[in-house]
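None of these values were measured; they are calculated from a predicted model. Residue numbers run from 1 in the order of the sequence given.
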Amino acid sequence: MTKSDFSQNLNQLEEVLEKYLVDKAPSIPDDWKELIVKFAPYLTIFGLVVLAPTILGAFGFGAYFLSFNPFYGRVFFGFNYWLHILLVAVEVFFMALAVSPLFKKEEKGWRYLYYGALVSGVSSLISFDLVGFIVGTGLSLYVLFQVKEYYK
């Protein structure tokens with residue numbers, strides 16, 4: 001798959017999501033949308049703080065957090081663990097890139113959050129977290145597409 005094929009597929013996915021999450025789904029009231037756009041950068045910063053322990057765990061600080069785990073000693077750090085850490089790191093990367101443009105209400109800030117939500121969805125699917133995928137990713141994408149028009 002070439003870069004242009006990937007980009008084309010991503011654009012097609014965005015069109016489909018916009019059709020279902022904006023055109024066919026019930027709309028969020030405009031005053032709520034404005035509130036979401038106003039607080040989006042701060043919520044993104046909060047998300048970065050919440051995800052920080054996961055990233056720190058990948059660099060060896062996880063042993064400290066494991067001491068609070070009742071199943072300590074039964075933890076397996078296999079391929080799925082490292083894949084999850086990698087995907088969380090990519091999600092954090094996109095969220096960090098989004099903060100400054102979100103304050104300026106630029107479209108690239110919205111787009112970075114969109115990419116982060118897609119990566120989070122892939123992470124949920126790989127972890128077989130179907131509830132997290134349906135609820136978390138679905139809700140994130142719904143809200144993102146509802147407020148997309150506010151970012152230029």
Indicate yes or no: at least one non-hydrogen side-chain atom of Ser123 is less than 4.5 angstrom from one of Glu91.
no
Using 0.5 Å steps for rounding, measure from the NE2 atom of His84 to the CG atom of Asp129.
9.0 Å
Starting at CG of Leu43, measure out to CG of Leu48 and round the result to the nearest 0.5 Å.
11.0 Å
Applying side-chain hydrogen bond (donor to acceptor under 3.5 Å, both in side chains), can you list everything that pairs with Asp31, at least two apart in sequence or on another chain?
none
Measure across Met95 and Leu51 and return the closest heavy-atom pair with its distance rounded to 0.1 Å.
SD-CD1, 3.8 Å
Taking C-beta and beyond as the side chain, do Asp30 and Tyr150 meet within less than 4.5 Å on heavy atoms?
yes
Could you walk me through whether Lys148 and Glu14 pass the salt bridge (Lys or Arg N to Asp or Glu O under 4.0 Å) test, one step at a time?
CA-CA 11 Å; Lys148 182 180 179 185; Glu14 187 175 334; 2.5 Å; yes
Rounded distance [0.5 Å steps], CG in Leu118 versus CG in Leu113
11.0 Å
Is Phe39 reachable from Val99 through a run of hydrophobic residues whose side-chain heavy atoms are each under 4.5 Å from the next?
yes
For the residue pair Phe145 and Tyr114, does the interplanar ring angle fall in the parallel (under 30°), tilted (30 to 60°) or perpendicular (over 60°) class?
perpendicular
Between Leu21 and Ala25, what is the shortest heavy-atom contact and its length?
O-CB, 3.6 Å
Grab the two heavy atoms, one from Gly132 and one from Ser124, that are nearest each other, plus how far apart they are.
C-OG, 4.1 Å
If two hydrophobic side chains count as joined below 4.5 Å and joins carry through other members, does Leu125 share a cluster with Ile134?
yes
Between Thr44 (side chain only) and Ala40 (backbone N and O only), is there a donor and an acceptor less than 3.5 Å apart?
yes
I'd like to know whether Leu102 forms a side chain to side chain contact (heavy atoms under 4.5 Å, CB included) with Val37, so could you lay out the CA-CA distance, the side-chain angles of the two residues, the decisive distance to 0.1 Å, and finally the verdict.
CA-CA 8 Å; Leu102 285 175; Val37 169; over 6 Å; no
For residues Lys33 and Glu149, report the shortest heavy-atom separation together with the two atoms involved.
NZ-OE2, 3.3 Å
Same hydrophobic cluster for Val122 and Leu10, using side-chain heavy-atom links shorter than 4.5 Å among ILVMFWY?
yes
Applying the 4.5 Å side-chain criterion to the ILVMFWY set and letting contacts propagate, would Phe94 and Phe133 be lumped into a single cluster?
no
Across all chains, not counting sequence neighbours, the salt bridge (charged side-chain N to carboxylate O under 4.0 Å, His left out) partners of Glu106 are none
So, do Ile28 and Val147 sit near enough that their side-chain heavy atoms are less than 4.5 Å apart?
no
Taking the side chain as every heavy atom from C-beta outward, state whether Thr2 and Phe6 have any pair of such atoms under 4.5 Å apart.
no
Specify the closest pair of heavy atoms between Thr137 and Ser120, including all atoms of both residues, with the distance to one decimal.
OG1-C, 4.2 Å
Pair Phe103 + Tyr42: ring centers closer than 6.0 Å
yes
Short side-chain to backbone donor-acceptor contact, Trp110 and Leu144, under 3.5 Å:
yes
Nearest-0.5 Å distance that lies between atom CD in Glu15 and atom CG in Leu13
9.5 Å
As an exercise, state the distance from CD1 of Ile126 to CG of Leu87, rounded to the nearest 0.5 Å.
5.0 Å
Quick check on side-chain contact (heavy atoms from CB on, under 4.5 Å): which of Lys105, Lys108, Arg111 does Tyr151 satisfy it with?
Lys105
Contact summary for Tyr142 and Ser27, nearest pair of heavy atoms
OH-C, 4.0 Å
